[in-house]
Q: 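Handing you a structure now.
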Amino acid sequence: MPRILDELDLRSDSDVPDVPPPTDSTPEILKRALSGLSARWKNWWIRGILTLAMISVFFLIIYLGSFMLMLLVLSIQVKCYHEIITIGYRVYHSYDLPWFRSLSWYFLLCVNYFFYGETVADYFATFVQRREQLQFLIRYHRFISFALYLTGFCMFVLSLVKKHYRLQFYMFAWTHVTLLITVTQSHLVIQNLFEGMIWFLVPISSVICNDITAYIFGFFFGRTPLIKLSPKKTWEGFIGGFFSTVVFGFIFSYFLAQHQYFVCPVEYNSETNRFMTECEPSELFQMKKYSVPPLLQAVLGWETVNMYPFQMHSIALSTFASLIGPFGGFFASGFKRAFKIKDFADTIPGHGGIMDRFDCQYLMATFVHVYITSFIRGPNPSKLLKQLLILQPEQQLSVYKTLKSHLVEKGILQPSLRG
Amino acid sequence: MKVSGTPIEVAFIFIYNCVLFILFVLNRWKNWWIRGILTLAMISVFFLIIYLGSFMLMLLVLSIQVKCYHEIITIGYRVYHSYDLPWFRSLSWYFLLCVNYFFYGETVADYFATFVQRREQLQFLIRYHRFISFALYLTGFCMFVLSLVKKHYRLQFYMFAWTHVTLLITVTQSHLVIQNLFEGMIWFLVPISSVICNDITAYIFGFFFGRTPLIKLSPKKTWEGFIGGFFSTVVFGFIFSYFLAQHQYFVCPVEYNSETNRFMTECEPSELFQMKKYSVPPLLQAVLGWETVNMYPFQMHSIALSTFASLIGPFGGFFASGFKRAFKIKDFADTIPGHGGIMDRFDCQYLMATFVHVYITSFIRGPNPSKLLKQLLILQPEQQLSVYKTLKSHLVEKGILQPSLRG
């Protein structure tokens, strides 16, 4: 068997050339303000200021509403994609490959079109039904998306150049894996958001809280290293972070669950042309009396406690954020070591790239979505109705009859006369 | 030369020469003989399995998928010399299992609805299927992170990405093939045979008429072969569909019959498979001399399928050729003597499976009524009532239902 060895093959990581470190992009104004401090504290100040800036922007956008949040998620997704693809270019020195930049952006556009097309059809149903041209796009959405993707695929095949086959295949695979990670997750985040802003805020804040509290516990009590991959993480930080995050999630949910703004599914109101969050809060967000288990009764001294059922779910979400979320961070750390980069990019001074901030969020978004579809949300009635109306008349009649007998059986419907 | 000797000696010399000639032919054309025999063997096995039915076909597709996955992953090991990486073989097979579990779980729930409803334990698995699949996948993900070894990070990430891309290609496509199969065996047979026919006819046309190279990537392909293959495949698909469309065995959706515990293909053929009179467009009237023609509507769809198989299918083959050149391998594996690996036979099929599935869901099949009903019964009572009322008013409006008294 012939040996397959060229400059891209590696026996071990020592063969990997170093990627040049990103330049310092701290704004001038900050540099001047902090010129008096030593280098070590300057870094902390920059991190601190940028953290406050990011949190403020976040609160502002929450205030502005779901649509702005959706745009924020979309722009973060595009930036993450750009960062990872740029790393790929640097690793493979593939700036000069023909077509490749255009093709990467084209695939991003295709996949986004596919996902957002599916979302738009569901959530903007009223908006869409009034416009004829959109009807066509929606009816054949999958076919159109597939045709667009195929065009990109054929362009890729036609762009293969004799000496660069392997590079081009690597970049093709790199693009697809990145799409899988960034675009699908951001789409799931948006679906969670539309379920109710609380399903967006609690998971994200749990992950951030876990980051911060694990760091604090590690700083004060840290002794036993957690994993070789991230030498700064400790078991004390991990466990302390876990308990703090669960408590934080529990309390934070309590406050959010009281406001319709956070709790109601986002709906598009075609009269006002705006997103509405007004509804009758579901049972999850109505105060219930729970009897305290005997074990905790002794500790807390209460026999019953008033809680929102959602708070129980928040415990599950926070547990995932603390125990499994960090694996996303380890994955990203491993990735950075594998490709010998310090940060994904230098977008945020002191913090690195957008991906650095969001690496732990990725698993969380998928988990929340799977959680909602498995345990919380049933099927969407308007979506079902839409599909029912496409069926053949005999099929509709048969479904109608079965549904009617089911409703009569359950006593929801009075039999016969007034059907 | 004057032949002398007894008749027996003459016969002996004649037979001896014949044997020499046969041995000579066999030796020179050995490769061709092997290819020919294996082709016949594969076709026979294929027909046998079609005869045995949908379930056997499903198993065949599944085993082909596993073999393709194995071939591509093995190439990855060879490229990256990563036989010794800890855990990696187990993790690759584990991910294959997870993704298959996810896809087949979704299929089973839909198609085996009657079988499943009688068994309590399965109900739990199906209700929380997504959650269970996700938990299984996460376990694999965490095992991967824990298995990262200091000097081999990059190799391990490469193999992780390689595994996922391979899963994306092989498992999703095989799942789509099975969904097409359950729609009706004709949706499985016509696309696959179109791709094979295109391969063969493009080769034949290229052999006899080939002059202009088609693409630098595959120097043996020619424009003449491409165009000749296109027309032949469309005609083949048209005629083949005509014969298949007459039999319920090929045309009916596959259903699981819980009484007989078998797969059934008996149904009232849909309109696609009922003969219709088409008026021939004036242009063709002059050529063919007919004013109307009796055809199955499905034959029109077969033209679309064959066109895709001939025009876009080959790009799957070019992709695989580029891949083999990129990684300097001649064949994906040596599973089939004379033909290479399983992937070599199936490289053009991949795009076809996705296209057929998208085609069916966009143009042919509406939503599945029993699936809709199942979801309806999970809804909250108020939601069910509201859907019931809207459906009722729609049916009354369309005149399918008599209003009021007998609802």
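We use all heavy atoms of the structure for the numbers below, so side chains are in, but hydrogens, waters and symmetry mates are not.
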Q: As an exercise: rank A:Leu160, A:Leu407, A:Leu180 by heavy-atom pairs under 4.5 Å with chain B and give me the winner.
A: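 Ranked by contacts with chain B, first place is A:Leu407.
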Q: Applying side-chain contact (heavy atoms from CB on, under 4.5 Å), run through A:Phe330 and B:Leu146 and close with a yes or a no.
A: CA-CA 9 Å; A:Phe330 300 150; B:Leu146 293 172; over 6 Å; no
Q: Take a 6.0 Å sphere around NZ of A:Lys336 and say whether it holds more than 12 heavy atoms from other residues, nucleotides or ligands.
A: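 Check passes, neighbour count above 12.
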Q: Under 4.5 Å heavy-atom distance to chain B, tell me which part of A:Leu150 shows up: side chain, backbone, both or neither.
A: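 Only the side chain of A:Leu150 comes within 4.5 Å of chain B.
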Q: Quick check: do A:Phe153 and B:Ile312 have side-chain heavy atoms less than 4.5 Å from each other?
A: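 A side-chain contact is absent here, since even the closest heavy-atom pair is not under 4.5 Å.
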Q: For B:Phe308, which atoms come within 4.5 Å of any heavy atom of chain A: side chain, backbone, both, or neither?
A: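 B:Phe308 touches chain A through side-chain heavy atoms alone.
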Q: Please look at A:Phe335 and chain B and tell me whether the side chain, the backbone, both or neither of the residue comes under 4.5 angstrom of a heavy atom of that chain.
A: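 Both backbone and side chain of A:Phe335 come within 4.5 Å of chain B.
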Q: Looking at B:His164, B:Arg130, B:Lys216, which one has more heavy-atom pairs under 4.5 Å with chain A than the rest?
A: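 Between B:His164, B:Arg130, B:Lys216, the count favours B:Arg130.
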Q: Heavy-atom cut-off 4.5 Å, strictly under: side chain, backbone, both or neither for B:Val165 against chain A?
A: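 Side chain of B:Val165 only, per the 4.5 Å heavy-atom cut-off to chain A.
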Q: With only heavy atoms counted, which part of B:Ser133 is less than 4.5 Å from chain A, the side chain, the backbone, both or neither?
A: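 Nothing of B:Ser133, per the 4.5 Å heavy-atom cut-off to chain A.
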Q: Evaluate the side-chain contact (heavy atoms from CB on, under 4.5 Å) criterion for residues A:Tyr170 and B:Tyr158: first the C-alpha distance (whole Å), next the side-chain angles of each, then the deciding distance (0.1 Å), finally the verdict.
A: CA-CA 10 Å; A:Tyr170 279 159; B:Tyr158 278 160; 5.6 Å; no
Q: In terms of relative ring orientation, are A:Phe146 and B:Phe355 parallel, tilted or perpendicular, with 30° and 60° separating the classes?
A: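 Answer is tilted, since the angle falls between 30° and 60°.
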Q: When rounded to the nearest 0.5 angstrom, what distance separates CG in A:Leu323 from SG in B:Cys142?
A: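 So the CG of A:Leu323 and the SG of B:Cys142 are separated by 10.0 Å.
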Q: Which heavy atom in B:Tyr128 sits nearest to a heavy atom in A:Ser374, and how many Å separate them?
A: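 Between these two residues, the closest heavy atoms are CE2-O, 3.7 Å.
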Q: Show your working on ring-ring contact (aromatic ring centres under 6.0 Å, His included) between B:Phe319 and A:Phe169 and close with a plain yes or no.
A: CA-CA 9 Å; B:Phe319 187 86; A:Phe169 272 93; 5.0 Å; yes
